[in-house]
Amino acid sequence: MEIEPHPSLRPLLYLLGRWEGAGVGGYPTIESFRFGQEISFSHNGKPYLIYSSRTWLLDDEGAIGRPLAMETGFWRPQPGNQLEVLLAHPTGFAEVYLGQISGTKIEMATDAVVRTSSAKEVTAGRRLYGLIGTDLGYAYDMAAIGQPLQSHLSAQLKRAGGVAETPERG
């Protein structure tokens with residue numbers, strides 16, 4: 001039985017499915033790297049998307065290496081094309097993002113970051129998601145470990161599964 005998406009999800013329906021691809025990362029405290037990524041967006045009929053992401057290191061030839069980061073959470077569209085995103089990381093921190101949906105572009109920034117005593121010191125984040133043709137592109141800026149907010153990750157992902165839906169323009 002297929003569950004109908006909640007009407008409030010209409011501006012985000014184009015995200016539904018699984019996305020795979022590669023990106024680049026770097027930060028002043030680490031060496032630059034290439035990574036592979038899989039992102040999944042699904043729903044259960046409630047007014048939120050269920051989100052998960054996992055990444056792994058890629059070597060110079062593109063072979064898969066060790067696992068890197070994971071995150072999971074919920075994307076909650078709000079009236080006026082606003083967006084609330086809650087993300088949890090297994091390394092001991094969680095983020096609340098507030099953002100704006102503009103067609104197939106989403107911009108968001110952290111409203112709050114909380115962490116356990118053993119977690120890496122992450123203090124802020126900013127994310128941009130959007131369609132590049134039929135691909136999903138994103139950029140992630142991070143403030144962590146005493147560094148100011150700056151570029152950390154970017155990737156371009158191709159749809160790997162799920163049905164694409166075109167957002168309504170309005």
Side-chain angles (χ1 to χ4, degrees), residues 9 12 15-44 46-78 82-101 105-130 132 135-162:
L9 295 180
L12 298 176
L15 293 171
L16 285 175
R18 192 166 47 85
W19 301 84
E20 294 178 345
V24 294
Y27 208 66
T29 58
I30 59 174
E31 286 197 31
S32 295
F33 60 96
R34 294 178 54 227
F35 65 94
Q37 182 168 27
E38 178 183 82
I39 290 178
S40 170
F41 289 96
S42 61
H43 75 90
N44 62 3
K46 297 287 193 174
Y48 52 82
L49 289 182
I50 303 162
Y51 164 87
S52 69
S53 169
R54 64 186 188 103
T55 58
W56 51 89
L57 196 60
L58 293 177
D59 69 15
D60 292 339
E61 287 76 46
I64 294 175
R66 66 180 170 83
L68 295 174
M70 287 187 68
E71 58 188 24
T72 188
F74 304 95
W75 290 41
R76 301 166 13 111
Q78 301 298 309
Q82 300 296 305
L83 180 65
E84 298 172 353
V85 175
L86 298 94
L87 297 179
H89 304 261
T91 53
F93 73 100
E95 302 165 288
V96 175
Y97 282 88
L98 301 180
Q100 179 75 34
I101 304 165
K105 180 175 91 172
I106 299 164
E107 294 182 83
M108 63 177 96
T110 49
D111 182 53
V113 179
V114 295
R115 61 186 187 273
T116 64
S117 61
S118 63
K120 173 174 65 176
E121 182 201 12
V122 175
T123 56
R126 184 172 53 217
R127 296 180 185 223
L128 170 66
Y129 292 82
I132 304 166
D135 293 351
L136 179 63
Y138 81 89
Y140 170 42
D141 296 347
M142 177 177 72
I145 317 167
Q147 299 291 318
L149 191 65
Q150 60 193 288
S151 178
H152 177 44
L153 302 173
S154 63
Q156 190 164 337
L157 311 174
K158 297 194 175 306
R159 184 176 295 283

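Remember, predicted model here, so these are calculated numbers, not experimental data.
At least one donor-acceptor pair closer than 3.5 Å links the side chain of Arg159 to the backbone N or O of Leu16. Listed for the Thr110 side chain is a donor-acceptor partner under 3.5 Å among the backbone atoms of Gly125. In this structure, the side chain of Ser40 does not engage the main chain of Ser52 through any donor-acceptor pair within 3.5 Å. When atom types are taken as modelled, the side chain of Thr123 and the backbone of Ala143 share a donor-acceptor pair closer than 3.5 angstrom.
Residues Pro77 and Pro47 share a closest heavy-atom pair of CD-O, 3.8 Å. What you find for Ala22 and Leu58 is that their closest heavy atoms are CB-CD1, 3.9 Å. Asp60 approaches Arg34 most closely through the heavy-atom pair O-NH1, 3.5 Å. Between Leu15 and Trp19, the shortest heavy-atom distance links the atoms O-NE1, 2.9 Å. The shortest non-hydrogen separation linking Gly146 to Glu121 is N-OE1, 3.4 Å. Taking both residues in full, the closest heavy atoms of Leu12 and Leu83 are given as CD1-CD1, 3.9 Å, listed atom of the first, atom of the second, then distance.
Counting heavy-atom neighbours within 6.0 Å of Arg127 CZ, excluding the residue itself, gives a total above 12.
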One pair to check against side-chain contact (heavy atoms from CB on, under 4.5 Å): Tyr129 and Trp75. What are the steps and the verdict?
CA-CA 13 Å; Tyr129 292 82; Trp75 290 41; 3.8 Å; yes
Determine whether Val122 and Arg115 satisfy the following criterion, side-chain contact (heavy atoms from CB on, under 4.5 Å), listing intermediate values before the conclusion.
CA-CA 8 Å; Val122 175; Arg115 61 186 187 273; 5.7 Å; no
Walk me through whether Trp56 and Glu38 qualify under side-chain contact (heavy atoms from CB on, under 4.5 Å).
CA-CA 9 Å; Trp56 51 89; Glu38 178 183 82; 4.1 Å; yes
Step by step, would you call Gln78 with Arg76 a side-chain contact (heavy atoms from CB on, under 4.5 Å)?
CA-CA 6 Å; Gln78 301 298 309; Arg76 301 166 13 111; 3.8 Å; yes
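Checking each of Tyr97, Tyr51, Tyr48 against Phe74 for a ring pair (Phe, Tyr, Trp, His ring centres under 6.0 Å) leaves exactly one that passes, namely Tyr48.
Ring-plane geometry between His89 and Phe93 is classed as parallel, the angle between the planes falling under 30 degrees on a 0 to 90 degree scale with a further cut at 60.
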